[in-house]
Number of protein chains: 2
Amino acid sequence: MDVVQILERSVLFTRIQPGNVEDLLSCLKARTSTFPKDYTIIDEGEYTDEMGIILSGSANIVRHDFWGNRTVVANLGVADSFAETIACTQLPSEVVVITCEPTIVLFLNIHQVITTCRKGCVHHQSLIENMVKLLSQKNLELMKKMNHITKRSTREKLLSYLSEEAKKRKSRTFSIPFDRQQLADYLCVERSAMSSELSKMRSEGLLEYQKSTFTLYEEE
Amino acid sequence: MDVVQILERSVLFTRIQPGNVEDLLSCLKARTSTFPKDYTIIDEGEYTDEMGIILSGSANIVRHDFWGNRTVVANLGVADSFAETIACTQLPSEVVVITCEPTIVLFLNIHQVITTCRKGCVHHQSLIENMVKLLSQKNLELMKKMNHITKRSTREKLLSYLSEEAKKRKSRTFSIPFDRQQLADYLCVERSAMSSELSKMRSEGLLEYQKSTFTLYEEE
DNA sequence: CCTTTTCTGTTGTAAAAACAACATAATAAA
DNA sequence: TTTATTATGTTGTTTTTACAACAGAAAAGG
C-alpha cells in the first residue's frame with residue numbers, strides 16, 4: 001500500500017508535493033494502526049489529540065442517544081478523515097467511530113498540524129490552509145445531511161439522499177455504503193417503513209435496486 | 001459601541017491582546033455595515049470571500065428547499081460569526097442570512113485570515129489557530145442541532161432543545177431567540193402540532209412558558 | 001385610541017410513521 | 001450441504017404528525 005499515493009487524494013494533503021509528504025509525516029508524529037471489522041476506534045466520552053485518515057477499509061460514525069436510538073452520522077471511505085473536531089476542541093467524543101471492515105488508519109497529531117513547526121517545514125503553511133478547508137467541507141457535508149433529514153416524509157428523504165449520491169457519482173446507477181438498517185439510521189426513519197416505501201417507489205417506476213445498488217429514473 | 005470589546009468575546013479573537021486588534025483589523029481588510037430588520041445579508045447562490053461577525057443585533061440562517069419548506073439552521077447573536085464556510089470553500093451559499101432586528105456586522109477578508117501576512121503581524125498565527133477552533137465549534141453545533149432533530153417525536157425534540165438551552169444558560173428559566181414559527185422551523189416540526197404539544201407538556205407539569213421564556217421542571 | 005396585522009393556541013380530519021410480527025432471501029458458519 | 005444467522009420485505013394496527021380552519025391574544029401602525 002502506497003501511503004503517499006492515498007494521501008494525495010485526501011483534502012489535508014492537497015497541493016502538497018508527494019516528495020515532501022514523507023518529511024511532513026514524521027513532523028506530524030504520524031503512526032498507522034490496523035483494526036479488524038466492527039472495531040470501535042473511538043468510543044463515546046474519549047479524548048484524543050490525533051486526527052485519523054483512512055488508508056484502507058471503511059468506517060461509520062455512529063451516535064447513540066439516551067433512549068438507545070441509533071443514528072449513523074456519516075460513512076468514511078479511503079482518504080476520508082475523522083476526529084479533527086474533538087482533537088481541535090479537546091472535548092470528549094459524543095460519537096463512536098466503528099469499522100465496517102478491516103481498516104487501516106493513519107493518525108496525525110493535531111497540534112503539529114495546526115502550528116507551524118520550528119524546523120520550518122516547507123509545506124506546513126499549505127497544511128494549515130488545507131485543514132481550514134477540510135473543516136469547512138465537513139461543515140458543508142453536515143449541512144448536506146441536514147437537508148436530507150429535515151425532509152418531511154420518508155420518500156422525500158430517500159429521494160434527497162439518493163439523488164445526491166447519483167450526482168456525486170455522476171451516474172444514475174450507483175452503490176451506497178449502507179445496508180438497509182444503516183441507511184434508515186442515517187436518514188432517521190424506520191427500517192421497515194423505509195423498505196416498504198422503497199418498494200412502493202420501485203412499483204411506481206421511480207427507481208430500481210438490488211441490495212445496495214440503486215438506479216434512479218427521471219420523472220416524465 | 002466598542003468593537004474591540006465585542007471581538008474579545010468572539011472565538012476568532014480569543015487570546016489576542018486587545019491592543020493588537022486594531023492593527024489586525026486593517027490587515028484583515030475589516031469593514032462594518034449596518035442592516036435594517038428583516039434584511040437579507042447573504043442570499044442563496046451568492047459567493048463571498050468575507051466572513052461576518054455580529055457586532056450588535058441578531059440574525060437567522062435559513063434554508064428554503066425545492067418545495068418551499070423553510071428550515072431555520074441557526075440563530076446568530078452578538079460576537080457570533082457566519083459565512084466562514086462559503087468564504088473558505090469558495091462555493092455558493094445554500095442558505096440565507098437574514099437579520100431579526102437592526103444589526104451591525106463586521107466583515108473580514110477570509111484570505112487575509114488564513115494566510116500569514118508578509119508584514120508579520122504578531123498575532124496572525126493565533127488567528128489561524130482560532131479559525132480552526134471556530135470551524136470545529138461550528139461543526140459541534142451542527143452536530144448538536146442534529147441531535148435535536150433526529151429525535152423521533154415532537155416532544156422529544158422540544159425536550160432535547162429546551163434542556164440543551166437550559167444547560168447552556170445554566171438556569172431552568174431562560175429565553176429562546178425564536179418565536180413559535182421559527183422554533184418549529186428549527187426543530188423541523190409543524191407549528192400548530194408543536195403548540196399543542198407544548199400545552200400538553202405544560203398541563204403535565206413538565207414545563208411552564210410565557211412567550212419565549214421557558215421554565216423546565218425536574219421529573220420525579 | 002382604534003384598526004390591522006401578526007402570533008399563538010385549539011380542534012378535527014386525513015395522512016404518514018412507528019411498531020410488531022412474521023415471511024422470505026441472502027449470507028455465514030458448521 | 002445443511003443449519004444458523006442476519007438482512008430485507010410485507011402487512012395490519014396503533015400512534016403521531018401534517019394540514020386546514022379558525023379563535024383569541026398580542027403587537028404594530030396609524
Show the atom names and distances, to 0.1 Å, of all donor-acceptor pairs under 3.5 Å that link a side chain in residues 177-188 of chain A to residues at least two apart or in another chain.
{"from": "A:Asp179", "atom 1": "OD1", "to": "A:Gln181", "atom 2": "N", "distance (Å)": "3.1"}
{"from": "A:Asp179", "atom 1": "OD1", "to": "A:Gln182", "atom 2": "N", "distance (Å)": "2.9"}
{"from": "A:Arg180", "atom 1": "NH1", "to": "A:Lys211", "atom 2": "O", "distance (Å)": "3.2"}
{"from": "A:Arg180", "atom 1": "NH2", "to": "A:Lys211", "atom 2": "O", "distance (Å)": "3.0"}
{"from": "A:Gln181", "atom 1": "NE2", "to": "A:Asp185", "atom 2": "OD1", "distance (Å)": "3.3"}
{"from": "A:Gln182", "atom 1": "OE1", "to": "A:Asp179", "atom 2": "N", "distance (Å)": "3.1"}
{"from": "A:Asp185", "atom 1": "OD2", "to": "A:Arg70", "atom 2": "NE", "distance (Å)": "2.6"}
{"from": "A:Asp185", "atom 1": "OD2", "to": "A:Arg70", "atom 2": "NH2", "distance (Å)": "3.0"}

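For A:Glu46 and A:Ser93, the side-chain atoms include no donor-acceptor pair closer than 3.5 Å.
Every residue meeting the salt bridge (Lys or Arg N to Asp or Glu O under 4.0 Å) condition with B:Glu164, not counting sequence neighbours, appears here in chain and number order: B:Lys144. Under the side chain to side chain contact (heavy atoms under 4.5 Å, CB included) criterion, B:Lys37 pairs with B:Pro102, sequence neighbours left out. Scored by the ring pair (Phe, Tyr, Trp, His ring centres under 6.0 Å) test, A:Tyr47 finds no partners at all (sequence neighbours excluded). Taking B:Asp2 as the reference, B:Val4, B:Gln5 meet the side chain to side chain contact (heavy atoms under 4.5 Å, CB included) condition, with sequence neighbours excluded. Applying the ring pair (Phe, Tyr, Trp, His ring centres under 6.0 Å) criterion to B:Phe214, with sequence neighbours excluded, gives B:Tyr209. Applying the salt bridge (Lys or Arg N to Asp or Glu O under 4.0 Å) rule to B:Lys170 yields no partners; only residues at least two apart in sequence or on another chain are considered. In this structure, the side chain to side chain contact (heavy atoms under 4.5 Å, CB included) partners of B:Thr85, at least two apart in sequence or on a different chain, are A:Ser136, A:Asn139, A:Leu140. Taking the ring pair (Phe, Tyr, Trp, His ring centres under 6.0 Å) definition, one finds that A:Phe174 meets it with nothing, sequence neighbours left out.
Between A:Leu158 atom CG and C:dA16 atom P there is a gap of 14 Å when expressed in whole angstrom units. At whole-Å resolution of the value, CZ in B:Arg152 and C1' in C:dA17 are 11 Å apart. When rounded to the nearest whole Å, the span between CZ of B:Arg155 and P of C:dA18 equals 17 Å. A:Leu187 places its CG atom 12 Å from the P atom of C:dA18, with the value rounded to the nearest Å.
Note that the first and last nucleotides of DNA chain D, 5' to 3', having any atom under 4.0 angstrom from a heavy atom of chain A are D:dT8 to D:dT11.
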Legend entry - Dot-bracket line, read 5' to 3' along DNA chain D, where crossing pairs take [ ] and | marks a partner on another strand, Watson-Crick or G-U under 3.5 Å: ||||||||||||||||||||||||||||||

Inset, instruction - Would you mind building the protein contact string for nucleotides 8-14 of chain C? One character per nucleotide, 5' to 3', B for base within reach (heavy atoms under 4.0 Å), S for sugar-phosphate only, - for untouched. - result: BBBB---

